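Read through the structure below, which is laid out as structure tokens, and then see the notes.
Only heavy atoms go into these numbers, but all of them, side chains included; no hydrogens, no water, no symmetry mates. The shown structure was predicted, so the numbers you read here are calculated from the model rather than taken from an experiment. Chain identifiers are assigned alphabetically (A, B, ...) following the order of the sequence lines, protein sequences preceding nucleic acid strands; residue numbering begins at 1 within each chain.
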There are 2 protein chains.
Amino acid sequence: MVNIHDVARKAQVSVATVSRVLNKSSAVSFSTKIRVEQAITELNYEPSTLGRNLRKLESRLLLVLIPSISNPFYTDVIKGIEDTAINLDYNILLCQTNSNPKRESIYFNLIKNHLADGIISMDPTVNKRNLMDLAEKHPIIQCSEYDIDGSIAYTTINNELAAYHAIRYLIKIGHKKIALINSDEKFLYARERRQGYERALKEFGIELNLSWVYHAESLGFEGGQQAMRQLLNHPNRPTAVFAVSDILAIGALNEIHTNGLHIPNDIALVGFDNISFSTMTHPTLTTISQPMFKMGCIAAKMIINKIQGKKVESIILDHDLVIREST
Amino acid sequence: MVNIHDVARKAQVSVATVSRVLNKSSAVSFSTKIRVEQAITELNYEPSTLGRNLRKLESRLLLVLIPSISNPFYTDVIKGIEDTAINLDYNILLCQTNSNPKRESIYFNLIKNHLADGIISMDPTVNKRNLMDLAEKHPIIQCSEYDIDGSIAYTTINNELAAYHAIRYLIKIGHKKIALINSDEKFLYARERRQGYERALKEFGIELNLSWVYHAESLGFEGGQQAMRQLLNHPNRPTAVFAVSDILAIGALNEIHTNGLHIPNDIALVGFDNISFSTMTHPTLTTISQPMFKMGCIAAKMIINKIQGKKVESIILDHDLVIREST
DNA sequence: TTGAAAGCGCTAACAG
DNA sequence: CTGTTAGCGCTTTCAA
């Protein structure tokens, strides 16, 4: 690898001067600048980011922590992050944690070592303690997921309200027997969406039937299928189902079809996220739409502000109820 | 940030000794080892990967270049890569290029600067020239996509044969009017799958009808919908459709339903990839299954071998025809 | 306008 | 078994 010394030698200047033309930092005479640039092209020299980072303690790289890329919800959020980051001359690196603490620590090390300047965490299963410790010394923000008590700034939607809206809508179109397919309540969003579900029922004087509240065992299609299977076997079958993710809803939809039932006539179905696949099902899926792209943009803006030492406040974004054929 | 000197001072040893206990490189007396370890925990010291990399010119990080995480095909491949890499003590960083050459060069710089040890490229739109230049000096392998003339080792399936199998199967169950929904033929896989399509037709004495060969304008659902819309309007409507990806097939499936036609009675449908969505459609999708996880494992093994200076050969993997309800 | 030199945090060769 | 020292590739004072 050709390095800055080689260039300096070839251009007959000092490494400092080469560095200066590289960084356009301070005045260099026109003639030496030309000489240096010539040497650079002739030697095909490319400066080492590693050396530069070590010196400047900056990398202009952003880490994005996601539990898994298999969830299409993240796709659009990441698009937003990338768009914004690239415009501000930052690049992003995607890190799948698979909710594995060991992985986490590897990625945390990246920031400790100035290989990255900041972290956007979208992982709900991240170790809160570690994250908060890290956040004391390094720029971190949370996106979609967050800690209610935490000191870490975040952007997200109002999950409780979104769920409330979904259920209120189901009630208004005549449903009284409404089931909930939730994820594991170790996730904050799951707890919040459940609260919204309960609030809506209460507000309309519908009694909570705990046997209609189901916790999916996986976040994949199978989770939705399994949950729906249980609900279909229920002696008092619900007439509507709210699933806390489109993936779960699609699994449920599948199970309903398999049992020869009709959506929405026999059972109405509402999902959450508005992933692109939700328009491809038959019938198409009524769902809560999150402003994923915008959320990504805001997250990127927040972390970059934080990196630059500015004060950042958490931001709650709006959601929408998208009514389609499944209700 | 506390560094190796602080630890050395605290433990009253030299930095070399600290480095030794850190790397378990050579013998250190038990008592000093204890002292150093104590100093490390007391100071909460964590070694800087940056400094280490700069010194060792190694990062144990693998770059994985994908065009976009929105395609679920990549999900399982990446799982395979991660599994294998982590076992061999390498970590992976996902890089979305969005087929944007500027992005590409940023990620290429990471390897030039020893911020990464190797690259697995799955991006079909990557600049071949740059990639090949880079490959002369750095470990690179291609996965799924490859250059037919290239000097870069790869792992993939036999796309021509896979398409041939799909079409042969359609013919054997009685179809003669078989359409192809292809992607842009700038992609090698698209050209190869088309060749397989044509070979099967020829072998069974079916004349090629070019108006049944459609190139989708996008790789998303809409691409499949658009293509299918055209085919449904065709004066001589095909009885079977082979789409070169499940996403396209699902778009097509949707369009067929929208027009009130029945799958497979009116039109049979075959996809490609066997993504998890393909079991969630109604009817479920017949498709060509690629060994995505295995492909990922092999790609990781190859790149690590290459990094370690071993010779690596390209590997062609087997595919499977998975027959479901859509045919 | 330019150069010399220190130093970012670490490892490894060498010497003792 | 341990310390000294050079150096990975770069930027940035300081001095000229």
Separation of D/dC10 atom P from A/R9 atom CZ, nearest Å, is 13 Å
Which heavy atom of A/C297 sits nearest to which heavy atom of A/T84, and what is that distance? CA-OG1, 3.2 Å
Within the structure, does a side-chain N or O atom of A/S19 lie under 4.0 Å from either OP1 or OP2 of D/dT11? yes
Between B/R20 and B/G51, the residue closer to the 5' end of DNA chain C by nearest nucleotide is B/G51
Salt bridge or not between B/K79 and B/D83? Use side-chain N to carboxylate O under 4.0 Å. no
B/R52 has its side chain closest, among D/dT4, D/dT12, C/dC10, to C/dC10
Please give, in whole Å, the distance from D/dC8 C1' to A/D6 CG? 13 Å
From D/dG3, C/dG3, C/dC10, pick the nucleotide closest to the side chain of B/Y45? C/dC10
Between B/A16 and A/L22, just flag the one whose closest nucleotide in DNA chain D comes earlier from the 5' side. B/A16
A/R55 has its side chain closest, among C/dG7, C/dT1, C/dG3, to C/dG7
Checking C/dG3, C/dC8, C/dG9 against the side chain of B/L54 (C-beta onward), the nearest is C/dG9
Rounded to whole Å, how long is the line connecting atom CD1 of B/I34 with atom C1' of D/dC1? 16 Å
Please report, rounded to the nearest Å, how far the P atom of D/dG3 is from the CD atom of B/Q12. 10 Å
Nearest-Å distance for atom pair CG/P, residues A/N23 and D/dG9: 17 Å
Begin with the C-alpha distance, continue with both residues' side-chain angles, and end with the deciding distance and a verdict on salt bridge (Lys or Arg N to Asp or Glu O under 4.0 Å) for A/E37 and A/R35. CA-CA 5 Å; A/E37 281 169 349; A/R35 270 217 319 288; over 6 Å; no
N or O in side chain of A/T17 less than 4.0 angstrom from C/dG3 OP1/OP2: yes
Looking at C/dT1, I'd like to know if its phosphate oxygens (OP1 or OP2) sit under 4.0 Å from a side-chain N or O belonging to A/S29. no
OP1 or OP2 of D/dG3 under 4.0 Å from side-chain N/O of B/S14: yes
Distance, rounded to the nearest Å, where B/N3 contributes CG and C/dC10 contributes C1': 9 Å
A/E46 atom CD is separated from D/dC10 atom P, nearest whole Å, by 11 Å
If you find the nucleotide of DNA chain C closest to A/V15 and the one closest to A/F30, which residue's nucleotide is nearer the 5' end? A/F30
May I ask you to say whether A/R191 pairs ionically with A/E185, meaning some side-chain N is under 4.0 Å from a carboxylate O? no
Could you give the NZ-to-P distance, from A/K24 to D/dT11, as a whole number of Å? 11 Å
Would you indicate what A/T32 reaches in the nucleic acid, counting non-hydrogen atoms under 4.0 angstrom: base, sugar-phosphate, or nothing? sugar-phosphate
B/D6/B/K10 salt bridge by N-O under 4.0 Å criterion: no
Under 4.0 Å: is that the gap between some side-chain N or O of A/N53 and OP1 or OP2 of D/dC10? no
Any chance you could measure A/E145, atom CD, to A/L188, atom CG, to the nearest 0.5 Å? 6.5 Å
